[in-house]
Each structure stands twice: as C-alpha cells, then as structure tokens.
Amino acid sequence: MQKVKLGRSDLMVSRYCLGSMTWGGPTSMDAAHRQIDMAVDHGISFIDTAEIYPITPVRAETVGRTERIIGLWFDKTGHRGDVVIATQHTGGGQRAVRHGAAITPGTIQTAVEGSLRRLKTEYIDLYQFHWPNRPTYRDRRFEEGEHRPKVKSVLQNMADCLGALEAERKRGTIRHFGLSNETAWGMAQWLRLAGAGTGLRPVAVQNEYSLLCRHHDTDLAELCLNEDVGLIAYAPLALGLLTGKYQGRAKPPDSRMTLMPDLGGRRTDQVFAAVDDYLDVALKHDLDVVGMALAFAASRPFTASVVFGATTEDQLQRILSQTELELSAEVLKDIEAVRRAHPMPF
C-alpha cells in the first residue's frame, strides 16, 4: 500500500483510509474489529473516525461508541503505534453532542480529552473540525437564509480555535490539525491565520469527492496544490450510488437508502443516468465499478488519501481487492466524457 506525506507534516498516511461511521451501529464491535484486522493486513494504516459516530441515525446514547470500539481494538492488539488515527470535533448545531454547541476554545480541550479517553490513546495523529460553525454554500442553513455571523467574528473564532489547538499540541494530545466539509474561502482563512503565527497550520481537508461529486476540482484543487494541503476524499462511492445497487430504483434491504431515502440530497433524477454511464465505462474496460471509482479519487493530484467504509466484511473484501488498480488513459478519457455529460448530478 502506497503511503504519502500529509500536507507539510511528517505524517505518512496510506493511500486508502478505513472509515468507521457504521461501527457500533449497523456494524457490531466484533465485526468492526475484524474489519480493522483485514485492512491492516492489507497495508492500510490510516483510520478515520469522529466523536459523533456512529451515524445514520445520530443518537445521543451512541455518540462516541465508534471511538470506544477503536480504543478496545488498540487495547486488545497493542497496535496503536502501527495506525494513524484521525478523529473529528463535532460542529455546531448537532444537539446530540454538547447540546449543539459551536466549536470554540472552550469545547476543544473537553472534546479532545473525551476522544483520548474513548480511543485509549495518549495522542491523536490528526484532529479535525467536522464542519464549520458558519453556514456555507454547501449547507442548507446557508440556502435557508440562517443568520450569517459577521466576517470579523468568524475570523476571531478561527484565530481563537487555532490558539487552543496549539495549546493541545504543546500538551502532546494532538499532532496535526485538519478541516472537514470546508470551503476554499474557509481554508484560505485558516491558512492565513496560521501563517501569521496564530496556531497550527492545517495539513488536510476532508471533503466529499467522487465521480459524481467534483466540487473540489476548481478553487479547492488550486488551493490544495499550491498550499500543500492534502485532500482526504470521503464518500468516493457516493453513499453506494456508484456501486450500481440502487439502479432501477432498487432499494436493497438494510442499505443506506432505507435509513436515508434521499441519501442526503444525492438521490436525484439526474444521478441515476450518470451512474448508468459510469457503469458502462467500467463494463467497457472490464473493470469493477467500485475499483474504478476508488482509483479515480485516489489518482487526483490533490488527493492524499481516500476514505471508504463498509458495513459488511464482504463489502470490505471487495474494496480491498481493488486498491492496487490504476486507471489507463483510455479509461480516464471515457470518465471525462461522462463528467461533461453529467457535470453536477446532485
């Protein structure tokens, strides 16, 4: 498994990252531990989690359960030093965590210490903010006209949080800092403030990226390449859409669509036509569409690592069997033709 340096840090991460958001929900602890064993045996040394996990749905009584499951695996195996662990501080508005409190210097130490305790570790390799406090253009709060704080207060909060993160770094509780679900403007401000000496410089941004979701290809791609910020691409299979299992309006039992009928806004009239065309590309070149989708996300020049998740071991085995795939110029040309036909299917 290829490893790459994350941003300007000394942190080396595997090209693929094991996601965990179903662990403690649809995926039991024993099954989750088997998934970690399978991934580590395959050469994957990067695990992404979050204090809010498991999700779909989010429930107050299960907040933190996924971190506990990972911590118990560390406790059982003694392999903490063999794995890079990333976790995330929940953003504001989620009532199940700290009654919906926004991210502030006052929440950071509490959140970090809670994650350390559950993960049974003395340090977190990559500490991320799960989503911005402010509404953004990809946020329904923005579209619905929710009150937008003044830029000055947003920037002050960023600066204050960077200072709190630097304090955690000095305490030895976190090593590096990243964002998630962040915009080009937001990333530029975090980098500017860090460059002015306010605190930790972000080394990564974890945003959605797939054949169907190409928002990162414009301003954020330029920013990441020029500022040495690695993309950690999540949802490379678009919540299962790119597996083809929902084509023909199918709804497999126990699938994500049974819990989230619109797949978080991804289920549109346009998306099924786009998936059909990507399935044709995979068929034409004798590829597993899952491998094609993962390899595409991993091949992008701004991508550091691709986060994938699996509810079952069979799903995980299918993914692991595809992680060495590299796409030919002919495949990439056909993928580009589909993108031009379906530039923004959701």
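The model shown is predicted, which means the values in this text are computed figures rather than measured ones.
Heavy-atom contacts from other residues, nucleotides or ligands closer than 6.0 Å to CD of Glu336 number more than 12. Heavy-atom contacts from other residues, nucleotides or ligands closer than 6.0 Å to CE of Met12 number more than 12. Counted within 6.0 Å of CD on Glu222, heavy atoms from surrounding residues, nucleotides or ligands total 12 or fewer; the atom is thus considered open.
Ion pairing between Arg201 and Glu227 holds under the 4.0 Å rule for side-chain N and carboxylate O. Salt bridge Arg34/Asp41: absent, no basic N to carboxylate O contact under 4.0 Å.
Proximity of a side-chain donor or acceptor of Thr268 to a complementary backbone N or O of Pro345 within less than 3.5 Å is detected. Judged by distance alone, with hydrogens and angles left aside, the side-chain atoms of Asn181 form a donor-acceptor pair with the main-chain N or O of His130 at under 3.5 Å.
The list of salt bridge (charged side-chain N to carboxylate O under 4.0 Å, His left out) pairs with a residue in residues 97-113, not counting sequence neighbours, reads Glu51-Arg98, Glu113-Arg171.
Relative ring orientation between Phe302 and His216 is described as tilted, the plane-to-plane angle lying within the 30° to 60° band.
Inspection of the Asp277 and His342 side chains reveals an N or O donor paired with an N or O acceptor under 3.5 Å.
Residues Phe129 and Glu182 have side chains not in contact (no heavy-atom distance under 4.5 Å, counting atoms from C-beta outward). In this structure, the side chains of Tyr209 and Leu220 stay at 4.5 Å or more apart for every pair of heavy atoms.
Each of Ile85, Ile174, Thr173 was scored for a side-chain contact (heavy atoms from CB on, under 4.5 Å) with Tyr127, with one residue passing: Ile174.
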Does the pair Asn207 and His215 meet the rule for a side-chain hydrogen bond (donor to acceptor under 3.5 Å, both in side chains), with working shown?
-> CA-CA 9 Å; Asn207 279 6; His215 299 288; over 6 Å; no
